[in-house]
Amino acid sequence: MSDTVIRRALLFSLLLLGILLVTVTRQSAPTLPGEFAARTAPLFGFSFRLGQNARASLAAIFDRRDLRAEQRRMQAELQQLRQENQRLTLENRKLQATLRVQAVQGLGVAAVAPVIDDDASGLYRRLFLGAGSAQGLRVGMPVTTASGLVGVITEVTPNNAVVRTVLDPESRVGVRLAGAPGRGIAYGAPPRMLRVEIAPEASVKPGDKVVTGALLGLYPAGISVGTVEQVLPTSPGALKKVLLVRPAVQLSLLEEVQVLKPL
């Protein structure tokens, strides 16, 4: 394509030169060959320079076109590298979270699942995962993070799952005090707290930690559940002491969770 344009430019230059020669010969009296050569030499020089300049201009145009194509190619490659770097960063984050769960809780992780939505009705506190039976998830699998317990899987489709969180009013988690004797059950008390009932003889105060116990058998023992915020007054003869516990995991900020192997 570039050679065709250059040939056209050269033909145009020669045509212009011919016109100039005809004009000179018509307006000038017959001259000797030497005089004619002297008169036409500037025209030939002009034509040569014109052709060279045209060729150089066309070459510059095509060079710029090639540079733009190369720039677009490099930008596409850079975008691919950025996407690959982002993918590797996410994979590394998942691996680090899994390793933290295994190190802190000593548990086997079956899958890492993204949190894609949560229940907006206000009646329940449930999470929706972007993984399902195709990724090995099953009903009854505990769900956790390195910070603590999230809940349990209650529904599964091939590529999605529903998690009933510890804040859900239907949630029941067997718990115990981390630093003193005392077992009980944690009930979901939305929107932000857990209601824990333990033996009235248990010695507990705000700031104490609550972890999973083996009372109901749904969750592995020893996973952090939350921190005691308040110990409600116990009336004489009460069968239970009631604690208000703040969950260890801030559920509204979760982006992914670790699904544990079933017990």
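Given the structure is predicted, the values throughout are model-derived calculations rather than measurements. Counting from 1, the numbers follow the sequence of the chain as shown.
By the 4.5 Å heavy-atom criterion applied to side chains, P247 and L194 are counted as neighbours. Looking only at side-chain heavy atoms (C-beta outward), R138 and S133 come within less than 4.5 Å of each other. Using a 4.5 Å heavy-atom threshold, the side chains of V228 and V204 count as touching. Contact check for V163 versus T154: no side-chain heavy atoms found under the 4.5 Å cut-off. Between V109 and V259, the closest side-chain pair of non-hydrogen atoms is not below 4.5 Å. Counting heavy atoms from C-beta outward, V210 and L177 have side chains that approach closer than 4.5 Å.
Salt bridge status for R126 with E170: present, with a side-chain N to carboxylate O gap under 4.0 Å.
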- Derivation of the side-chain contact (heavy atoms from CB on, under 4.5 Å) call for T165 and L127: CA-CA 7 Å; T165 72; L127 299 178; 3.7 Å; yes

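With hydrogens and angles disregarded, no donor-acceptor distance shorter than 3.5 Å links the side chain of R192 to the backbone of A189. Using modelled atom types, no side-chain atom of K241 and backbone atom of V231 make a donor-acceptor pair closer than 3.5 Å. For D168 (side chain) and R125 (main-chain N/O), a donor-acceptor pair under 3.5 Å exists by modelled atom type. Between the T212 side chain and the G222 main chain, a donor and an acceptor come within less than 3.5 Å of each other. Between the T144 side chain and the G148 main chain, a donor and an acceptor come within less than 3.5 Å of each other.
Here CD of E229 is found 8.5 Å from CG of L244. Values are rounded to the nearest 0.5 Å. Atom CG of L167 is separated from atom CG of D119 by 12.0 Å, given to the nearest 0.5 angstrom.
Residues V150 and V211 are members of separate hydrophobic clusters, defined by side-chain heavy-atom contacts under 4.5 angstrom among Ile, Leu, Val, Met, Phe, Trp and Tyr. Note: the hydrophobic cluster containing L232 does not contain L243 (ILVMFWY, side chain heavy atoms under 4.5 Å, direct or indirect links). Note on L254 and L129: same hydrophobic cluster, where clusters join Ile, Leu, Val, Met, Phe, Trp and Tyr whose side-chain heavy atoms are under 4.5 Å apart, directly or indirectly.
Within 6.0 Å of CG on L239 lie no more than 12 heavy atoms contributed by other residues, nucleotides or ligands.
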